[in-house]
Amino acid sequence: MMDRLRKLLCAFLLLVFVLPLAGCWDRRELQERNLVLAIALDLADEGLKPGQSQETVKAETFVQPTGSKRYRLSLQILKYEAKGAGSKGGGGQGARKTFVLSNTGESLFEMVRDMLGQSSRALYFEHMQVVIISEAVLRQTNLAPILDFFFRDAEMRSRIRVYATPGQARPLLEFKPPTGEPGGIYLNNIARNHVKNAHIGTARTDLGHIIQALDNDADVIMPRIDIQDEVVKIRGLAVFRRDRFGGYLDEYAVQGIRFVRGTERGAIITAPCPVHPGEILALELVKHETKLTPHVAGDDIYFTLDINMTGNLSEVHGAQPNTYDYKNKDALEQAFAQEVLANVSYAVRQSQTVGCDTLYFGSKLKAHEPETWKRVKERWDEIYPAISLYTSVNVRIRNIGVHR
Amino acid sequence: MGNLERKSKMSALQLAVVLVTTCVGGQIILAPNELIMAAGQGAWVSIILGGMLYYTVSLLCIKIGEYYPQESLVEFFPRIFGKGIGLALTGWLWVTYFILYAVILQGLSRVIGLFMFDRTPVEVIGAGMAAVTVYCALQDWGTILRVLQLLMFSSVPMLVGIWLLTFFNFLPENLLPLWPLDFKGVVKGIGISWGMFSGYEVILLLLPLVYRGKIAFAWAVGCAFGCMGFIFVLVVVVAVGVLTVKGAQNVPYPTLIVIRGVELPGTFIERLENYLLVAWIPIVFDTLAMMLYFVSETCRRWLKYEDHRPFVLLLAPAAFILNVVLDTAKLYEQAGKLTNTMGLVFSLFVIPLAYILARIKRRDARDG
Amino acid sequence: MHQGKTLNFHKLSTAIPSAALAATNERLKALRQLTSEGAKIGRDISRLAADLRKVAAPQQEPFIFTSDLETNERLLRSILRDCEDVIYRTLALKGGRALLVYVHGMTDEAGLAKFVIQPLLECSVTIPEPGADIESYIQQHIYAAGIQFIEQPSSIIGEMMGGRTLLLFDGHARVALIGTTQFAKRNVGDSKTEGVVRGPHEAFNETLIDNIALLRRRVRDPNLKIKILNVGDRSGTRAALAYVSNLVKPGLLEEVEKRIAAVSTDIVLTSFKIEELISKHPWSPFPQAEVAERPDTLLNALYGGRVGIMVDGTPLALVVPATFLSMMQATDDYTTQPLGGMLIRMIRYLSSFLAVYLPALYISVVSFHPGMLPTTLAISIAELRSRTPFPSILEAFGMIIILEIFQEAIIRLPQRMVTAASVVGGFVIGTTVVEAGLINPLLVVVVAMTAIASYTASFDFAVGFRVVRIFTLLAASVLGLYGTLLALLFTTVHLCALRSFGESVLGGLFDITLLEDWKDGIVRVPLKLNRTRPKVYGPQDRTRAGDDGG
Amino acid sequence: MVTMRYKGWHRRIVAAGLLLLFSLPVSGCWDRQELQDRAMLLAIAIDAADDKTAAEQSRTAVEKFPQPHGAKRYRVSNQVLKLGASEEEEESRTFVLSNTGQSILEMGRDVSGQISKVLWLEDLHVIIVSEEAVKIAGLQPIIDFFRRDQRIRWRSRLYITPGKARELLEFKPESGEPGGMFLEAISRNHPKNTHVIAARTDLGFIVQALDNEADVLVPRIEMQQKVVRVGGAAAFKRGKFAGYLDEYAVKGLKFIRATEKSAIIAVRCPLHPEGLLVFELFEHETRLRPIVKGEQVFFQLDINMTGNIGEISCSRHHCSLDPEYRRKAELLFAEEVRRNVLYAQEACQELGIDVLNFGFKLKAYQPKTWAKIKDRWDEIYPTVPMTVSVNVHIRNVGEHK
């Protein structure tokens, strides 16, 4: 009996030891993978490497049985050597930490697989940070088909940032961040500053949220990123009607939208000084509560918005108003409230002009007034631009900083 | 049972320590601006005169206590003023302290929120402190006394020590002219300085807990006032000496601005205002714990309970909610003014009146 | 798999022979036999019980000794059933028989033979008649030193189990207990937990009698009293209260006795059990009784007016009331020059502060208030940190957990493995983890510093420190420096509220009624200047010199 | 006992509190931000918005945002520390981000659209304002954010530059220090360099002066090619730019304000006019008193100086130990100091800036006179005379006679 047991055990142990040697199907060491940090999508005849000749362009592509050479896909890939050497101070700090590969074609997946012909190691997308799509591409096609690859692929994270850029997307991948971080990580991290910067519309606009919006038939918004010389900046939003590119909203509108959606945490509100006209004051928000409610009166649909804000007075230009006196403080609070009001209505106006429901009026209506929604759902595109919003703003100044 | 000595009694010197810890608190940072606003160049005179005035009042408190040994104000006020008025007057002080707790808590969370944090909600800061004060007030008096002494001897010297570093930036010329030109401001400053000395009224409650030793009460309380006066004058004089009067008027927290201007050459210590806050927080904690104890102990005596703990747990949330309500600048300011006025009225009218009435009653009793 | 059908199935019994039918039957039979035996034993037991019940016995006693030796032996044998280490030795003497009962291994058998058996056997005097005075007969003829006569049979048996020998005579109900105890024990050796450089090295061992002797040997003071109590309902462990009768704070002794008497537990194997059961704040992480492993430490405490509790079986005596200050003192403070002693003591306080608050301060400064660092330092820390992936709070927790695992492993490991473990640990943590960029070197410094700092404090406090350290670290990770401070305040209030026999654990620290104790508190002044006992413990006589011997 | 009865739920509440406390760190804390995740701002430069080089033209399109209020007045450039750049390499340890607008804070926040980390202000050391920017609306609006924000150090250094402030941020110090630290450290040499007015001119003091409506001096910084130099001062009259004082005037001012610890005074040798005699100041006492005689206000300045002879660059050797020679030299030095002081006073009065604190002294020592002439002070000040008496004492002649 024991013999048998022993034999079984031996067989089992043998199996256990042999398995790792035989190569497990999905095992591939980290350093044997090429980490893709960012993807840029341009039109096929754009997004060339500076000084790239037509021959190399040909080398970069493949023969396509179906479809056309529509897009150019560029991948930003992490270089390991640069990083390892850098930490030892052995030079290479100034060197780029990434390199870019590109390819043309129509199916993103096909291009990616063909690029394995340019890469020494397998491409690995699980650490991807950023997708940048050029405006030209967006104008040509809808968003859903472009992003389909990212929705479908299991390697993608849903916290990937998606940016639209008015120029070409590839230069952004070639951009060398001043902080020394790898480019894709830098581009992703910029978006995290939305906490402090109300001009960045990156709250709830990552890949996961875009998918969600597309699934719900809602309008998509995505942050816009610009590059000019050595300056890279996120500013404003690209807005879509459903998934059709509709244009851009500027930073001021973004700030207004964020006031309505209540997604900002540390906005700066500037207002003209009530005491000294022509000068400006700045308020730093610390607390913010927003309530957007739909109302239906007969056929008329309107929204009310209550905003409660608490902030610290953080900059005063011109002569000092006496901030200790709360009569003056009331005037300042009023001025800021006025400004928020103006900002919100600007944002609403802009969004309605573009026709993008950036404020989620539709989903609010659906949630709170389902019956009305059912009625107007079909005509929503027509109704939306005409909907009015009544805003009441209450601003309180809590601190005035360490100087009056 | 087990406790060999309950240690609920204290000596006269311990009373002095309690007074100092109760009075020196938030006001070191919160009050100088207001005081300098009112009294200008003569702020230090206001403090000294104010200190003398409130010391006199505290002597009256001791005298009243001597007429009614082993009793606190909850018991003897009704006997002096009659039941209704006596209760109302103790209630007056109670309300003052209750609001003061909320005001100081709010002031603390504002300062901490402004200087140490960026995004942390002030409510969380306040809640943290409130929780610790509740834990302290839940202990018996002996333990609270122990805590007060411990923190007094560790934090106050630390605070003063850090504060003395400001002499690097001190310009005596800024104090000139030494004698104030504006006496109205000085008088107003005396009123405002109540906020700094506020808390000495706890004598009325604590006297029965003090046993008589070699040291006279008046002397011990005098020491306490001397110590407080020294700290406050030091704070105001240095604030003016470093920032000038105008400068100090223009900054809401002159104390912290003064200390942040200090640069210690050759050390790795920077941002001294954080260090000052570190020394300051325990002192405010003392004050808050003492206020909480005062209000709940008064309740206990009113309702003749054995234990003050249930009241701590009842009152603390209420006081915390009041603190949250005081969030707006306007309400906060008004609540501060309200407590100041209420306290002034109590100090300047109620206590002297109580003394006179008690004296008359006593004489009547002796004569009759 | 469908191919499985073609396989041959074997009988289970061929694979496992023990599953064969015959064997099973055999075992079944054995089982039956066992059951019937069990029933028989049950009957035996009930008969025995009936036997016992027949003997008239007072309440709470199993029986009383009769004048019939046979009966007595039977009774003892039934009580001590299955105690095969109990030896019954019958002696045939002039005028009757005698019975010696003792526990093998607990008794000095050579001594027994020489001083009890030999004189009895050689004795020519007849055993007194039943009813006559047996005690004087025993006193006259037995050479052994300690002879005792006790009434209660339960204590008699208890004493016998503790190593004494019973001597019974035919025809007499009186039982003599002869002190012949001798058992295996550890010699008096060096102190294991309280190391000392210049002081005496002797430490207590596990034997209460030896420990008391160690005390007595140092002090010839009749006022040093030893009171022996029994604790533990089943173990009957002996515990000794040691105190100096004309110094101890009035009421303290009674209180300690009361609390020990109220202890209700079955066995007491360590003195910590007593400490835990008599302390009023079991949830506190801090110790509420001081531990003394050395006679000189204990005596020092006793002559400060405190009470010591020594428990048989533990080399650690307890001292109450305990204060933070007294626990932070060490013998070496008094065996070096006062200035040096003061320095050592200050360092100990400093390190206990660091042990608790250093990681929290590090977290607060690095992830909440980097402005408190000078810019150059901030830059170098940031550059160190920029290579490590984890948030510093996780790093700190990770390091602390690693540290705790280490400490635990090293305490548990056999001595020979410790070196290996520490090499692996030191190498892995010290170099590899840092080089791999998982944890930044600064944090390693901080945590190492913390660990080393916590070793200087007394061990009992060190455990409490660890708990407080984690608590403070959590608070710091939420509210930075402010959180650290709140935790500090919380701990302070807790320490003030923590009373060990009436005295706050903080002792005379900044209590103005106890200000006189500063001379031997945080500092230590030369003995010439400090002739008083600390006031905290409320000794009856405060001056050290010129005690009235009374 | 009553105490025992409450014990149970007291304990339960503590337990609940602890539970809350333990759950807090899990929920994420508001202010926890790792050191390396903060972009350390070392210096800020403020230029006029339209004051830009051709290279900047194109990028300006990106470095701005639509502004509801105010104008594109200023360009704010932030110097951010780069982590991981080693000192030995040629690479700069900092980089610069900029933006245009009016509110400094708003620009600062908008800049975070250009960087991956949170901007961190507590290590700000230097604020450089260009002359162009300060001429737009004075110093006050520029300073306001810095004095109001609790994170700014009060010992931060403020400079005025006649050129472009941003270029100073892009300057890469040869010493390998991060730029901002270098710029700040220059001013630390002020005790030894009388041409740098750095004592009592940092942010805290400037704020204080503005609060007191006093006139203030700000050190001037200049960059030409690869040379950065601090010297002279920009004078502000109640926050409005009034002009520059040259190094000589600054030196005179420092004699009056007694803020220098060491100074070099050079005079021509009394015997050999072609040579120079240099005095190194060690100890220095100054007393400036207002004197009121009837309507007339004047100031009395007494200076006592002690020091060594630091250098004698005469072609011929002569005995500096000779008391007669020494006395002569002392007189010469005193005369030079007097001239210097008067030069400074004249320069200040010409600009109409009361940086000698005449008004302040008057207020402190003669409060009644001050109350009378307070309103006319601006007119009176340029004509207030000052009498100077200087006493120089040579203690040592150095290690060589």
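Per chain, numbering begins at 1; letters A, B, ... match sequence-line order.
Residues B:Asp118 and A:Lys196 meet the side-chain proximity criterion, which asks for heavy atoms closer than 4.5 Å. B:Glu333 is listed as a side-chain neighbour of A:Lys329, based on a closest heavy-atom distance under 4.5 Å.
Using a 4.5 Å cut-off between heavy atoms, B:Asn33 touches chain A through its side chain atoms alone. Looking at B:Tyr332, neither its backbone nor its side chain comes within 4.5 Å of chain A, counting heavy atoms on both sides. Proximity to chain A is absent for every atom of B:Glu34, based on heavy atoms less than 4.5 angstrom apart.
A:Lys287 and B:Glu123 are joined by a salt bridge, as a carboxylate oxygen and a charged side-chain nitrogen come within less than 4.0 angstrom of each other.
In plain terms, the two heavy atoms of B:Asp327 and A:Arg396 that are nearest each other are OD2-NH2, 3.5 Å. The nearest pair of heavy atoms linking B:Arg260 to A:Val402 is NH1-CG2, 3.6 Å.
Of the possible donor and acceptor atoms, one in the side chain of B:Arg110 sits under 3.5 Å from a partner among the backbone N and O of A:Arg398.
Within residues 235-258 of chain B, the residues having any heavy atom closer than 4.5 Å to a heavy atom of chain A are B:Gln249, B:Asn250, B:Val251, B:Pro252, B:Tyr253, B:Ile257, listed by residue number.
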